[in-house]
Amino acid sequence: MIISKWPATAVCGLVATLAVGLFPPAAAAADEPTGKPAPKVDLVLDVSGSMRTRDIDGQSRMAAAKQAFNEVLDAVPQEVELGIRTLGADYPGKDTKVGCKDTKQLYPVGPLDRTEAKTAVATLAPTGWTPIGPALLGAADDLEGDGDATRRIVLITDGEDTCAPLDPCEVAREIAAKGIHLTIDTLGLVPDDKTRRQLTCIAEATGGTFTSVQHTDELSRRVTQLVDRAADPVVTPVATEGAARCADAPRIKPGLYSDREKFSEHRWYRVDVLPGQELRASVSVGADRAVNQDYGVLLRAVTVHGREIVRGSEAGDGRTDVISSGLRYPKPPLDNEDEVRPAAETVCLQVSNAFSAPASVKTTPGLPVELTVDLVDSPDEPSDLAAFGLGRGWWLLGTLALTGLVAGLLWGWLSRLRLVWRSN
């Protein structure tokens, strides 16, 4: 049995390697049109009454946001389709039902007309409530279509949501669970502790980032970075759904896959490995909400008959955002090299997690899972015991027990000889 403990950086390196292998370099891709849909960004701006507060560089938060937006709009890359949505911009009253519906699309997501977008932003004035949850739902609808497009929501607000019980953290998790690979980044304007916690939770639910902003130039610089990031080529995970047992598991090929797994659940996937190939797999499970201490992740490679081939595991007992593990299984080449089409071995990959959560935390949707699979040429003289039939459950256990027995007998015999020698 081989147990591998991979830090998150190692998994990122493997993902980067896959990105190079699966996708052609930019220079080569420039020769032919890729037909890839344009990246889409929706800027969601808080226009609630609290944005009148004058504590950013001697001006109001709204004035700082407008100034930053003008700079951001000037710097948007040509290939990015950008839109603007507001929350709290229209209703100044005290009716909760009305105030919590106060979100609208100020500028539709599409090719950017900079003058028109700046004019729309210039008309805004701080007005009403802070319906962050409904605004995120609206922004997700703004970005629908073109399944392969990069999608990013950038939320700029100075306070926490005022429209409970529609918890924006739960909204973000539901958006992430749809498997549309939409990232939400949050920026807090002079945030207090409650706002900071809520915005961090929203960002973590979708793999985004939270940034605390104290100055106008910080806001402009950070939003510009996030818009530029949407234009960068990335490997988009393929949404898949693991099965409760290997026989029903989806058959996957080398690539990056995303899934959702319930707390303490097992999920199965199948990979075909040819003689002379080495299977390399890694899994990352994200803690996108508060979880209890003492957690772990397990990745096992098993035959279709249930015999374990190799496993990788990792555990922890502190605060974590992601926990990762990986494994390798080199399959030796056939002795008969004249065989034209060797039969592939179906390897079942089991992903398990040992997370739990306090009673106050919702366990649905499940935790985000990223599974990376690669097949490379097996080494000519593999040092990995799994390539020789060892490292497979009871076989390795028996080998270790026999080795321990022999070593114990030898040590006892030598100790006895030493005692007799001293006595004489």
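Only a predicted model underlies this, so the values are computations on that prediction, with no experimental measurement involved. Below, each value reflects all heavy atoms present in this structure, side chains not excepted, and no hydrogens, waters or symmetry copies.
- No side-chain N or O of Glu218 forms a donor-acceptor pair with one of Thr216 less than 3.5 Å apart.
- Looking only at side-chain heavy atoms (C-beta outward), Thr130 and Glu160 stay at 4.5 Å or farther from each other.
- Looking only at side-chain heavy atoms (C-beta outward), Leu349 and Val271 come within less than 4.5 Å of each other.
- Considering only heavy atoms from C-beta on, Arg151 stays 4.5 Å or farther from Glu144 through its side chain.
- Counting only distance, with no hydrogens or angles, the side chain of Asp288 and the backbone of Glu204 share no donor-acceptor pair below 3.5 Å.
- Remark: the backbone N or O of Gln293 is not paired with any side-chain donor or acceptor of Asp317 at under 3.5 angstrom.
- Pairing each heavy atom of Ser352 with each of His266, the nearest pair is OG-ND1, 2.6 Å.
- Residues Ile153 and Leu143 have side chains in contact (heavy-atom distance under 4.5 Å, counting atoms from C-beta outward).
- Using a 4.5 Å heavy-atom threshold, the side chains of Glu278 and Val273 count as separate.
- Proximity of a side-chain donor or acceptor of Arg311 to a complementary backbone N or O of Leu298 within less than 3.5 Å is not detected.
- Among pairs with a residue in residues 101-127, none fulfils ring-ring contact (aromatic ring centres under 6.0 Å, His included), at least two apart in sequence or across chains.
- Put simply, the side chain of Ser282 never gets that close to the backbone of Gly326: no donor and acceptor are under 3.5 Å apart.
- Salt-bridge formation is detected for the pair Lys40/Glu81: a Lys NZ or Arg NE/NH1/NH2 atom is positioned less than 4.0 Å from an Asp or Glu carboxylate oxygen.
- Across all non-hydrogen atoms, the minimal contact from Ala231 to Val80 is CB-CG2, 3.7 Å.
- With respect to Asp374 and Arg280, no salt bridge is recorded, no charged nitrogen being found less than 4.0 Å from a carboxylate O.
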Residues Asp232, Arg229; criterion salt bridge (Lys or Arg N to Asp or Glu O under 4.0 Å); working and verdict: CA-CA 5 Å; Asp232 293 337; Arg229 185 176 297 176; 5.9 Å; no
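- Using a distance-only test at 3.5 Å, with no hydrogens or angles considered, a donor-acceptor pair links the side chain of Arg52 to the main chain of Pro126.
- Between Phe355 and Phe263, the ring-plane angle classifies as perpendicular under the 30° and 60° cut-offs.
- Taken to the nearest 0.5 Å, the NZ atom of Lys331 stands 11.0 Å off from the CG atom of Leu279.
- Checking side-chain atoms of Thr206 against main-chain N and O of Ile184 turns up a donor-acceptor pair under 3.5 Å.
- Under the 4.5 Å side-chain criterion, counting only non-hydrogen atoms from C-beta, Leu219 is in contact with Leu187.
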Worked verdict on Glu116 versus Arg114 for salt bridge (Lys or Arg N to Asp or Glu O under 4.0 Å): CA-CA 6 Å; Glu116 185 177 342; Arg114 303 176 198 276; over 6 Å; no
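- Screening residues 299-322 for ring-ring contact (aromatic ring centres under 6.0 Å, His included) gives no qualifying pairs among residues at least two apart or on separate chains.
- The number of heavy-atom neighbours closer than 6.0 Å to CG of Asp95, taken from other residues, nucleotides and ligands shown, is above 12.
- What you find for Val297 and Ser325 is that their closest heavy atoms are CG1-CB, 4.1 Å.
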If you look only at distance, which donor and acceptor atoms sit under 3.5 Å apart when one is on a side chain in residues 62-75 and the other is two or more places apart or in another chain?
{"unit_1": "Lys66", "atom_1": "NZ", "unit_2": "Ala122", "atom_2": "O", "d": "3.2"}
{"unit_1": "Lys66", "atom_1": "NZ", "unit_2": "Leu124", "atom_2": "O", "d": "2.6"}
{"unit_1": "Gln67", "atom_1": "OE1", "unit_2": "Gln59", "atom_2": "NE2", "d": "3.4"}
{"unit_1": "Glu71", "atom_1": "OE1", "unit_2": "Ser220", "atom_2": "OG", "d": "2.6"}
{"unit_1": "Asp74", "atom_1": "OD1", "unit_2": "Lys118", "atom_2": "NZ", "d": "2.5"}
{"unit_1": "Asp74", "atom_1": "OD2", "unit_2": "Lys118", "atom_2": "NZ", "d": "3.1"}

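- One distance of note links SG of Cys246 with CD of Gln350; it measures 9.5 Å at 0.5 Å rounding.
- Of the possible donor and acceptor atoms, one in the side chain of Thr127 sits under 3.5 Å from a partner among the backbone N and O of Ala125.
- Residues Gln198 and Pro168 form a side-chain contact, since some pair of their non-hydrogen atoms from C-beta on lies under 4.5 Å apart.
- The shortest distance between side-chain heavy atoms of Val227 and Pro77 falls below 4.5 Å.
- Side-chain N or O atoms of Ser258 include none that pairs as donor or acceptor with a backbone N or O of Pro237 at under 3.5 Å.
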